[in-house]
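Accompanying notes for the structure given below.
Just the heavy atoms: all of them, side chains too, but no hydrogens, waters or symmetry mates, feed the values below. Ligands are counted one by one from 1 in listed order, and the atoms in each one are counted from 1 as well.
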Amino acid sequence: MRIDIVTIFPEFFDVLDLSLLGKARQSGLIELGVHNLRDYTHDRHRTVDDTPYGGGAGMVMKPEPWGEALDAVMPDLVGEGEADARGPVLIFPSPAGEQFTQAIARDLAAERHLVFGCGRYEGIDQRVVDHYAARTRVRLISLGDYVLNGGEVAVMAMIEAVGRLIPGVVGNPESLVEESHEDGLLEYPSYTKPSAWRDLEVPPVLLSGNHGAIAAWRRQQALERTARVRPDLLPG
Ligand code: ADE
């Protein structure tokens with residue numbers, strides 16, 4: 001998969017050299033390009049924002065640098081109204097977007113090219129979204145119902161969630177199956193050695209060797225935890 005990120009803070013993404021995603025880049029499973037939006041400005045101050053039409057607090061990101069940057073990372077876009085199902089998906093992290101979920105992560109993991117546009121300030125001029133929405137698939141995605149200073153942290157989270165679903169990135173694919181949210185439930189609690197620690201024992205069923213009983217206990221724990229913490233995930 002190819003991933004491009006447009007941001008005014010490219011250093012933010014240096015950490016993508018580390019860990020599983022760093023390895024996936026070294027092995028060629030993920031090809032990453034991080035682009036500084038200011039490289040697509042033409043004034044001495046490398047200006048990327050301006051005051052909002054209609055007034056109000058804060059600054060809005062100007063459309064021209066965004067247009068040049070996104071044209072550069074998506075050179076093959078076809079004409080208006082011809083969004084190609086195999087073309088890039090352009091994602092703008094935004095508190096005004098649809099809520100990011102494991103299901104969206106799975107959809108995005110099947111794509112060939114993701115482009116993330118990190119907004120700052122009060123957002124990006126809406127015409128940028130409208131222009132590209134007429135030419136490729138565009139999604140506004142929110143990490144949750146809270147406000148971050150910009151899209152960078154949200155993009156890091158999305159890339160981590162998507163990257164680990166790309167076949168070959170996580171060494172043991174079985175470990176992806178039994179996680180929180182994969183089956184619509186929160187994950188059951190896990191234990192390792194020693195079997196007694198401080199005054200706490202590992203639940204005896206896990207030491208029983210009875211695989212059927214263990215599976216039933218884990219399912220029950222997942223259901224109870226979900227009902228307690230996230231009842232909204234359970235069917236009505
Ligand atoms: N940018 C600012 N807040 C955000 C959020 N909650 N999700 C995604 N991007 C954001």
Which residue and heavy atom of the protein sit nearest atom 3 (N) of ligand 1, plus the separation: L148 N, 3.0 Å
Pull out every atom of ligand 1 sitting under 4.0 Å from any heavy atom of P93, numbered as shown with elements. 8 (C), 9 (N)
What protein heavy atom lies closest to atom 7 (N) of ligand 1? Include the residue and the distance to one decimal. L143 N, 2.8 Å
Any N or O of Y146 closer than 3.5 Å to N or O of ligand 1: yes
Salt-bridge test for R164 and E179: reply yes if a basic N is under 4.0 Å from a carboxylate O, no otherwise. yes
Considering only non-hydrogen protein atoms, determine which one is nearest to atom 10 (C) of ligand 1 and report residue, atom name and distance to 0.1 Å. P95 CD, 3.5 Å
Please identify which atoms of ligand 1 are closer than 4.0 Å to at least one heavy atom of G150. 1 (N)
If two hydrophobic side chains count as joined below 4.5 Å and joins carry through other members, does Y191 share a cluster with W197? no
salt_bridge(R25, D17) N-O dist < 4.0 Å: yes
So does R86 pair up with E111, basic N to acidic O under 4.0 Å? no
What part of A154, side chain from CB on, backbone N/CA/C/O, both or neither, has a heavy atom under 4.0 Å from ligand 1? side chain
Quick one: look at I141 and ligand 1, take heavy-atom pairs under 4.0 Å, and tell me if it's side chain, backbone, both or neither. backbone
T226 versus L186, closest heavy-atom pair with distance: OG1-N, 3.0 Å
Is there a side chain to side chain contact (heavy atoms under 4.5 Å, CB included) between I91 and M158? Walk through the geometry before answering. CA-CA 10 Å; I91 297 157; M158 288 189 247; 4.3 Å; yes
Atom 9 (N) of ligand 1: the protein heavy-atom neighbour that sits closest, reported with distance to 0.1 Å: S94 N, 3.2 Å
Is the shortest side-chain N to carboxylate O distance from D49 to R120 below 4.0 Å? no
